[in-house]
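Notes for the one structure printed next.
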Amino acid sequence: MRVEPADDISAQGPSADRAEDFARRIRGALGIPGGVRIDIEEAIPEHAGLGSGTQLGLAVCAAYAGLYGFETSAREIAWRLGRGARSGIGIGAFELGGVLLDGGRLTAEDSPPAPIISRIEFPSTWRILLILDHRTQGLHGEAEAEAFKTLPPFPVELAAHLCRLVVMVALPALVEANLERFAAAVAELQDTTGDYFTFAQGDRYSSPGVADVLGWLKAQGIVGVGQSSWGPTGFALLDGDETGRRLLDSAKRKWADDAHLRFMLCRGRNRGSQIDMGPSMAAKPSRMGG
């Protein structure tokens, strides 16, 4: 994404309308004196369970504020935009990268986003296979808010078990780069929460197509599979680039006739956002904090 000073606010590229809205809101909140022209080369698919709104909003507003020398932080921007209402992970990912654990959020509507209480490097040899389904979107907006209102209370004993699973099994396995233990913990966490959210999304996974792929991966012996947020995007944790590429190629061949399914092989990102002011702005240091 590139931003340049302008008389007004405009954006082009994927998710341009959302980008313009974020820019107008942060201009009003911070009193930025000038406009901005935003050129988006690539954007995370909207409402796919990958936190696209938070990442786009933070990226647009951090770059816009930095362009005019405004000092702010990702947490302040998120608060101004109404992001991070249920989780601080999106903010932490923008600032830090890596594998993050947040400490939960207070129930008050005006409480700050949940703090990041653990950050661990994602092992460089591990890969993640993403399965995207472009025929559907995960719950968002009013539908998401209504879903949270109607879900039954999560059992306290089960919540305690999952917390222990994350802190005592998943995180130590991650530090030791033990994919077998980490994947097993992720699988149990995913199965338990997926079954809980069945009431709102209709099944353990919101996309039948993604569910088919995840079932096939399990049959290949891949343990660490699940759905990102409300989906429809699914994922699989894989040991090494060779395994990842083999399964990626096999999945593409197997679902070649399904134009809606897309597969991506990814690495973990162990750093946060980067803002390059460019040669034309070299004499104008940014006061962007956080």
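Environment of CG in D8: crowded, with over 12 heavy atoms of neighbouring residues, nucleotides or ligands closer than 6.0 Å. Under a cut-off of 6.0 angstrom, the local environment of CD in E180 is sparse, with at most 12 non-hydrogen atoms contributed by other residues, nucleotides or ligands. With a 6.0 Å radius and a threshold of 12 heavy atoms from other residues, nucleotides or ligands, R267 has its CZ atom at or below the threshold. Open room surrounds CZ on R2; 12 or fewer heavy atoms of other groups in view lie less than 6.0 Å from it.
Between A114 and G103, the shortest heavy-atom contact is CB-N, 4.5 Å. Looking at every heavy atom in both residues, I131 comes nearest to V210 through O-CG2, 3.9 Å.
Applying the salt bridge (charged side-chain N to carboxylate O under 4.0 Å, His left out) criterion to E188, with sequence neighbours excluded, gives no partner residue. With sequence neighbours left out, Q274 forms a side-chain hydrogen bond (donor to acceptor under 3.5 Å, both in side chains) with R271. D7 pairs by the salt bridge (charged side-chain N to carboxylate O under 4.0 Å, His left out) definition with nothing, not counting sequence neighbours. Residues satisfying the side-chain hydrogen bond (donor to acceptor under 3.5 Å, both in side chains) criterion with E46, sequence neighbours excluded, are S15. For D191, the salt bridge (charged side-chain N to carboxylate O under 4.0 Å, His left out) partners at least two apart in sequence or on another chain are R204. R75 pairs by the salt bridge (charged side-chain N to carboxylate O under 4.0 Å, His left out) definition with nothing, not counting sequence neighbours. For the ring pair (Phe, Tyr, Trp, His ring centres under 6.0 Å) test, no residue two or more places apart in sequence or in another chain qualifies with F235. Applying the side-chain hydrogen bond (donor to acceptor under 3.5 Å, both in side chains) rule to S228 yields no partners; only residues at least two apart in sequence or on another chain are considered.
Side-chain contact check for F263 versus V213: some heavy-atom pair is nearer than 4.5 Å. For the pair L132/L50, a side-chain contact is recorded, criterion being any heavy-atom separation below 4.5 Å from C-beta on. In this structure, the side chains of W230 and F197 come closer than 4.5 Å at one or more pairs of heavy atoms. In this structure, the side chains of F94 and T54 stay at 4.5 Å or more apart for every pair of heavy atoms. Under the 4.5 Å side-chain criterion, counting only non-hydrogen atoms from C-beta, Y205 is not in contact with D212. Considering only heavy atoms from C-beta on, F122 comes within 4.5 Å of I128 through its side chain. At least one side-chain heavy atom of F70 sits less than 4.5 Å from a side-chain heavy atom of P33. Under the 4.5 Å side-chain criterion, counting only non-hydrogen atoms from C-beta, L56 is not in contact with I44.
The main-chain N or O of G202 is never found under 3.5 Å from a side-chain atom of S206 such that the two would form a donor-acceptor pair. Here the side chain of R24 pairs a donor or acceptor atom with the backbone of I9 at under 3.5 angstrom. With hydrogens and angles ignored, the 3.5 Å screen pairs a side-chain donor or acceptor of R25 with a backbone N or O of L81. Q227 places no side-chain N or O within donor-acceptor distance of the main-chain N or O of P232, the cut-off being under 3.5 Å. Distance alone, capped at 3.5 Å, is enough to place a donor-acceptor pair between the R269 side chain and the G272 backbone.
Between L30 atom CG and I77 atom CD1 the span is 7.5 Å, to the nearest 0.5 Å. We find the CG-CG distance between L179 and L174 to be 10.0 Å, quoted to the nearest 0.5 Å. I120 CD1 to L171 CG: the interatomic distance, rounded to the nearest 0.5 Å, is 4.5 Å.
Residues near V156 contribute nothing to a hydrophobic cluster around it, because no ILVMFWY side-chain heavy atom sits closer than 4.5 Å to its side chain.
Checked options I275, V60, D39; the residue passing with M1 is V60 (criterion: side chain to side chain contact (heavy atoms under 4.5 Å, CB included)).
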Determine all donor-acceptor pairs shorter than 3.5 Å in which one atom belongs to a side chain in residues 248-256; sequence neighbours excluded.
from	atom 1	to	atom 2	distance (Å)
S250	OG	R246	O	2.9
S250	OG	R253	NH2	3.4

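Ring geometry for F154 versus Y196: interplanar angle over 60°, hence perpendicular rather than tilted (30 to 60°).
Evaluation of the salt bridge (charged side-chain N to carboxylate O under 4.0 Å, His left out) test over residues 115-127, restricted to residues two or more places apart or in two chains, returns R119-E121, R127-D241. Among residues at least two apart or in separate chains, ring pair (Phe, Tyr, Trp, His ring centres under 6.0 Å) pairs with a member in residues 30-50 are H47-H140.
Hydrophobic clustering, with ILVMFWY side chains joined whenever heavy atoms are under 4.5 angstrom apart, groups Y64 together with V3. Under the 4.5 Å side-chain heavy-atom criterion for Ile, Leu, Val, Met, Phe, Trp and Tyr, L100 and L165 are members of distinct hydrophobic clusters.
Side-chain contact check for S52 and R18: at least one donor-acceptor pair (N or O, by modelled atom type) lies under 3.5 Å.
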